[in-house]
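Since the model is a prediction, treat every value here as computed from it, not as a measurement. Each chain gets a letter, A, B and so on, in the order its sequence line appears, and its residues count up from 1.
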Number of protein chains: 2
Amino acid sequence: MSGGEFNSWQTVQAEVLRRINAREWKPGDFIPNEAELSVEFGCARATVNRALRNLAESGLLDRRRKAGTRVALHPVRKATLDIPVIRYEIEGKGQTYRHSVLLQERLAPPSGIRARMRTGPGDKLLHLVTLHLADGKPYVFGDRWINPEAVPGIETADLGAQSANEWLVANIPFEGGDFSFSAMTAGKREAEILACKEGEGLFVIDRSTWNKTHIITSVRLTFAPGYRMHTEI
Amino acid sequence: MSGGEFNSWQTVQAEVLRRINAREWKPGDFIPNEAELSVEFGCARATVNRALRNLAESGLLDRRRKAGTRVALHPVRKATLDIPVIRYEIEGKGQTYRHSVLLQERLAPPSGIRARMRTGPGDKLLHLVTLHLADGKPYVFGDRWINPEAVPGIETADLGAQSANEWLVANIPFEGGDFSFSAMTAGKREAEILACKEGEGLFVIDRSTWNKTHIITSVRLTFAPGYRMHTEI
DNA sequence: TTGGATTATAAGTATATACATAAAAACCTG
DNA sequence: CAGGTTTTTATGTATATACTTATAATCCAA
């Protein structure tokens, strides 16, 4: 650093961002390469690299070897959202957490679940329906299928003491998961379990998690009315 | 790891992950510091740094200067979700996109919006209700408030040609945003606009975006029944 | 014992250098 | 000119070194 200015990858990032926002570099444009920018900013190429890499990760730049770096055409904003363990979510609000197992059985799942879990036609899975309560009031219930092959020890676990989710998080490492968020209309069953009216709109999370070899579990969480999931950019 | 194996930050990351999953390093445990790990893995400290930083970003490690690095106690899984521009979302499914402005007015907002937008009591905002259609069928409608002070040029923009969201994305840089996801029950108004039944559960996104000086816009998107938002870890 | 200054430490960052790798571009060759 | 080969190039990564910064831990004095 010669001039005396302070340069950091964050400074570079901020300046690149400014130029994108100011439309000096427009969507689709190639921007100067790392070497050129490092000269312009009077810093090392590694510093520029870090800044551009970061912007690329957050979706504002597209980078490809040899091709170069360009401003993303459709800047997809990416938000990171935390997937909470329900217990901590409730306790985090200062409410007391309780849960109860409504159903625990071992049977061959319906075809939709079987397809999602990629299990054989006759394979039995562990089926659990659990209600989670905040200050004694229904908060969310989970309808969960677990592949016992992927989860050694689940048969002997006391899922009354620790919820299936917590037990799994604590005991079974997973590599990936997919989530989908949607809304449903409360039917008779949901209304009963969640103590709400039939016909109310309910927030739903469907989640599957897997490791290298198996799909571990697939769960649908149906939240009581009023639930909101929140995130910031 | 001493011989001549190939080391990269990803290798280091994978090994650290393995140890966490194998419970060699348990939640809450401090792990060796960067210098020690770099000796163990036979690589530079910068390489270890990159690996650990990455794991910290994804929520599996907690790092603090001087204190060290520990395995996160409650490993909050973070998913990144793309915030799509509705038009691209629809066109991406191979459907044709159309939108129509149902209402455009300039008035002082109700108190809830005023609080959210942090505007003065008498300030008028631009209020827009827009319906977005996929293959001619209602897909989502947006109830949007725009702060004209934050958005020079909005008064003269032709929001019939380009939706407000697209116009804003293209013309007004923003720095942050917050999102919340929830479900609601379709009332008369929603049922009419979205051509669905009263009482159906609808997926809702509330979003505000801001820049340094202003809250630019605040919008509620109410999706037609069946909408799902999807993400992977 | 408290509370403020000092010190030691681990992460955070910057840099020059070197090499790896993907892929666009240029170059052949039939 | 098509199809394959080589070259070039921008990003990607690794490393040694050096300095910065937050902060836990320690020390010391009131």
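- The nearest whole Å value for the distance from the CG atom in B/Asn33 to the P atom in D/dT23 is 18 Å.
- When the side-chain nitrogen and oxygen atoms of B/Arg64 are compared with OP1 and OP2 of C/dA10, none of them lie within a distance under 4.0 Å.
- Sequence order on DNA chain C of the closest nucleotides to A/Arg65 and B/Thr69 puts B/Thr69 first from the 5' end.
- Residue contacts for A/Arg45: at a heavy-atom cut-off of 4.0 Å it reaches a base atom on one of the strands shown.
- Summarising the geometry of A/Arg70 relative to A/Gly28, their closest heavy-atom pair is NH1-O, 3.6 Å, with the distance given to 0.1 Å.
- B/Asn54 places its CG atom 12 Å from the P atom of C/dG12, with the value rounded to the nearest Å.
- Every ring-ring contact (aromatic ring centres under 6.0 Å, His included) that B/Tyr139 has, sequence neighbours left out, goes to B/Tyr227.
- When each of B/Lys66 and B/Arg50 is assigned the nucleotide of DNA chain D bearing its nearest heavy atom, the one mapping closer to the 5' terminus is B/Arg50.
- Between A/Arg63 and A/Glu34 there is a salt bridge, since at least one side-chain N of the basic residue sits less than 4.0 Å from a carboxylate O of the acidic one.
- Put simply, CG on A/Asp62 is 14 Å from P on C/dA23, counting in whole angstrom units.
- Regarding contacts with the backbone of D/dT15, a side-chain N or O of B/Thr47 is found under 4.0 angstrom from either OP1 or OP2.
- B/Gln10 comes within 4.0 angstrom of the backbone, heavy atoms only, and of no base.
- Between the C1' atom of C/dA10 and the CZ atom of B/Arg70 lies a distance of 14 Å, rounded to the nearest Å.
- B/Asn49 has its CG atom 12 Å from the C1' atom of C/dA14, to the nearest Å.
- Following rounding to the nearest Å, B/Arg53 (CZ) and D/dT13 (C1') show an atom-to-atom distance of 13 Å.
- Remark: P of D/dT13 and CD of B/Gln13 are 11 Å apart, rounded to the nearest angstrom.
- No donor-acceptor distance shorter than 3.5 angstrom exists from the side chain of A/Asp29 to the backbone of A/Ile31, with no hydrogens or angles considered.
- For the pair B/Ser8 and D/dA14, the criterion of a side-chain N or O lying under 4.0 Å from OP1 or OP2 is met.
- As rounded to whole Å, 17 Å separates atom C1' of C/dT15 from atom CG of A/Leu37.
- Taking A/Tyr88 as the reference, B/His74 meet the ring-ring contact (aromatic ring centres under 6.0 Å, His included) condition, with sequence neighbours excluded.
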